[in-house]
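These notes concern the structure reproduced below.
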Amino acid sequence: MMKMATLAGIGIGCGTRVVIPEVFPQSKLILRPSLLQTRKTSNTFISISLVPKRTFSISASVSDDSNSFNDRQVRVRFAPSPTGNLHVGGARTALFNYLYARSKGGKFVLRIEDTDLERSTKESEEAVLRDLSWLGLAWDEGPGVGGDYGPYRQSERNDLYKQYAEKLLQSGEVYRCFCSNEELEQMKEIAKEKQLPPVYSGKWAHATDEEVQQELSKGTPYTYRFRVPKEGSLTINDLIRGEVSWNLDTLGDFVIMRSNGQPVYNFCVTVDDATMAITHVIRAEEHLPNTLRQALIYKALGFPMPSFAHVSLILAPDRSKLSKRHGATSVGQYREMGYLPQSIVNYLALLGWSDGTNDEFFTLEQLVEKFSINRVNKSGAIFDSTKLRWMNGLHLKALPMEELIKTVGDQWKSSGILKESEGIFIEDAYKLLEGGIDVITDAEKLLSDLLSYPFHDTLSSSEGREMLEEGLIVVAESLLAAYDNGEFMSALEEGKSGWQKWVKAFGKSLKRKGKSLFMPLRVLLTGKLHGPDMGESIVLIHRAGTNGIVTPQLGFVTLEQRLKSLREVDWEAFRKIPNHVPLKEAAHR
């Protein structure tokens, strides 16, 4: 007959079911036949029963609509390892944690997992903090902020880990293992030969006190191993992936403290999350297998277990895991490439989440308002750099015009193109080029191209040589005549309107209009076959030459220098260049 057992001291919380063997004598169980099989507390349902296979079954589920975890404030955490730059996948995990906390009126905790002493660096930690701050993901507790649950670096919490490890040793949940590395390798080989999972054989699981003391007296190094039940299963109700189950017999007794006294990752994480009162663990799906070990540690220490939500990986276009071979993958790289933090945040939010509409443009504040963990997709999300560029363009153009022009001006000055970062030249140049700017660094290339004069390269191309056959020399001679008599330069002093009057009269004198007029003029004055509005371009080039705003290192050729150089062109030499000659070779003939 099925009997009911109490929940007292079990310590398992939301979204979890653990099935473990009955390890205590029946006489020691506290049974309360009057206890209802299912108990509801707030929005959490918990049940426990003694099933026929002599195993305990503990299950729970929690609704995301609830703002409480046992009537406590929602607390989430982002716990990066400072072993490199902040990957876009890590940034998205941080973002989802931030959005969940803010949408529930909870706390967003930042914890640094720096127990990998060989790979962790202070520089990496500072880079991660800088990138998170740049994205606007302000943490409520953590490095630089403090809080009631610190310290917030694992390297500063060793005493706490040792304290809980000793507690588990005293309770019998863990034991000392004196196996050497050679013995452990031998166990793996034997398991491999038998086609079994590479689990620990349990050699020291049932050692007597005398055997343990004998090894201690010899100074034999030992680890702390967690005693895993040999039968049963664990099931969690993941907020994203639904029900996920593991059999305990695939695990084996695992190490929680190394022989050098350093705690193992899964033990640190469990102790940290529990002692920091974390209610929801939102992390990458690659951590899903860790949940089994962590759940057993939660139970053994009597801690309530948080709800789990495992976010899918970010994939490359070929559906492999996004890595460096696919291009930029870190937040810092995108910052240096000129992307805006708000566009990165917006795009990352859409990698696996939507608000249920076709809307794609969101500010951080709008994301907080609309975010729900229930709308996070468990399928992998494809990282599309082209769409990210497009989205950055949207956010760029959403900036106030004054701020946008200042940002572009700062870019032009810092990149060494211009001596100044503000003024009428900056404003007019931006208005001319803005259509091609999706990322701030685009402005750098566009202005450099505008101010360049690749006349010989252009004339050496097949298109350029076609223009020679269409009367380019005639237009050049007339243009130089207009320059010599001062007519052309005077017109440019009047700006675009002066240019328009002059070019209309110039075309009439040559009996040319449209493409037959403007294409030769563009080549002669800008050195290019294509570009933005020609009148505005030539006026800007003229002003750049007269106001000295361009830095010397750019190698800028002023409009007057361009016109004077046309007198020295050997037009016949360009005509004789064969079509198959490469551009670079032709340009230097």
Side-chain angles (χ1 to χ4, degrees), residues 9 11-13 75 77 79-83 109-122 125 141-143 146-181 184 200 202-209 211-228 251-278 281 287 290-306:
I12 297 293
R75 289 175 58 83
R77 50 66 163 185
S81 298
T83 55
V109 180
L110 177 62
R111 185 175 72 228
I112 303 299
E113 297 187 343
D114 57 351
T115 51
D116 188 341
L117 302 179
E118 292 183 3
R119 297 176 60 218
S120 296
T121 66
K122 191 67 179 173
E125 179 183 325
E141 299 174 25
D148 297 333
Y149 296 85
Y152 293 92
R153 292 183 182 85
Q154 284 188 339
S155 58
E156 300 170 6
R157 297 170 65 84
N158 275 332
D159 289 345
L160 189 67
Y161 305 137
K162 290 176 182 177
Q163 172 189 332
Y164 282 103
E166 289 301 321
K167 179 179 179 181
L168 291 177
L169 181 66
Q170 295 302 317
S171 67
E173 298 285 358
V174 305
Y175 58 89
R176 293 183 179 92
C177 171
F178 296 92
C179 288
S180 64
N181 289 333
L184 295 174
Y200 178 64
K203 176 180 177 180
W204 286 91
H206 305 291
T208 64
D209 289 343
E211 290 171 327
V212 170
Q213 288 302 321
Q214 185 177 358
E215 296 300 323
L216 290 174
S217 63
K218 291 191 295 186
T220 306
Y222 61 89
T223 59
Y224 279 13
R225 281 191 181 273
F226 189 92
R227 202 183 299 274
V228 178
L251 184 57
D253 297 352
F254 56 90
V255 174
I256 65 165
M257 294 286 283
R258 299 183 180 90
S259 57
N260 62 1
Q262 287 297 311
V264 170
Y265 169 79
N266 280 305
F267 184 59
C268 295
V269 169
T270 307
V271 171
D272 288 341
D273 286 343
T275 57
M276 291 182 178
I278 300 301
V281 174
H287 289 287
N290 294 327
T291 310
L292 176 53
R293 290 175 174 83
Q294 292 166 14
L296 292 170
I297 296 171
Y298 273 111
K299 176 187 177 298
L301 289 172
F303 288 135
M305 188 139 69

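Computed from a predicted structure; not experimentally measured.
- Using a 4.5 Å heavy-atom threshold, the side chains of Ile112 and Pro143 count as touching.
- The closest side-chain heavy-atom distance from Trp204 to Glu211 is below 4.5 Å.
- The minimum heavy-atom distance between Val212 and Ala207, with the atom names listed, is CG2-CB, 4.1 Å.
- Inter-residue side-chain proximity for Tyr152 and Leu110 is flagged as unmet; no heavy-atom pair is nearer than 4.5 Å.
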### Message
Apply side-chain contact (heavy atoms from CB on, under 4.5 Å) to residues Leu168 and Met257 and explain how you reach the verdict.
### Response
CA-CA 11 Å; Leu168 291 177; Met257 294 286 283; over 6 Å; no

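- Distance check: Phe254 CZ to Cys177 SG gives 13.5 Å after rounding to the nearest 0.5 Å.
- Arg153 CZ to Ser120 OG: the interatomic distance, rounded to the nearest 0.5 Å, is 11.5 Å.
- At a threshold of 4.5 Å between non-hydrogen side-chain atoms, the residues Asn158 and Pro263 count as touching.
- Residue pairs meeting the side chain to side chain donor-acceptor pair (under 3.5 Å) criterion with at least one partner in residues 165-179, sequence neighbours excluded, are Glu166-Tyr224, Tyr175-Asp253.
- In this structure the side chain of Leu296 never reaches within 4.5 angstrom of the side chain of Gln294, judged on heavy atoms.
- Atoms OG1 and OH, from Thr115 and Tyr161 in turn, are 7.5 Å apart once rounded to the nearest 0.5 Å.
- Closest approach of Cys179 and Leu184 over heavy atoms only: CB-CD2, 3.9 Å.
- With rounding to the nearest 0.5 Å, the separation of OG1 in Thr270 from NZ in Lys299 is 14.0 Å.
- Looking at Leu216 and Phe178, their side chains come closer than 4.5 Å, going by heavy atoms from C-beta outward.
- Residues Glu215 and Tyr222 have side chains that never bring a donor and an acceptor to within less than 3.5 angstrom of each other.
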### Task
Report the C-alpha distance between Tyr200 and Val228 in whole Å, list the side-chain angles of each, state the deciding distance to 0.1 Å, and finish with yes or no for side-chain contact (heavy atoms from CB on, under 4.5 Å).
CA-CA 10 Å; Tyr200 178 64; Val228 178; over 6 Å; no

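- The two residues Tyr164 and Leu301 have their closest heavy-atom pair at CD2-CD2, 3.8 Å.
- Surrounding CG of Asn260 are more than 12 heavy atoms belonging to other residues, nucleotides or ligands, all under 6.0 Å away.
- A search for side-chain contact (heavy atoms from CB on, under 4.5 Å) contacts involving Pro151 returns Glu156, Arg157, not counting sequence neighbours.
- We find the OG1-CD distance between Thr223 and Gln262 to be 14.0 Å, quoted to the nearest 0.5 Å.
- Within the 4.5 Å cutoff, the side chain of Val271 has heavy atoms near those of the Leu160 side chain.
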### Message
Walk me through whether Tyr265 and Asp116 qualify under side-chain contact (heavy atoms from CB on, under 4.5 Å).
### Response
CA-CA 9 Å; Tyr265 169 79; Asp116 188 341; over 6 Å; no

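- Pairing each heavy atom of Ala274 with each of Tyr298, the nearest pair is CB-CE2, 4.0 Å.
- Residues satisfying the salt bridge (Lys or Arg N to Asp or Glu O under 4.0 Å) criterion with Arg77, sequence neighbours excluded, are Asp273.
- Atoms CE and CG, on Met276 and Asp148 in that order, are 11.5 Å from each other to the nearest 0.5 Å.
- Across Ala277 and Tyr149, no two heavy atoms sit closer than the pair CB-CE2, 3.9 Å.
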### Query
Please walk me through it: do Arg225 and Val174 pass side-chain contact (heavy atoms from CB on, under 4.5 Å)?
CA-CA 5 Å; Arg225 281 191 181 273; Val174 305; 6.0 Å; no

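- Across all non-hydrogen atoms, the minimal contact from Arg227 to Gly172 is NE-O, 3.0 Å.
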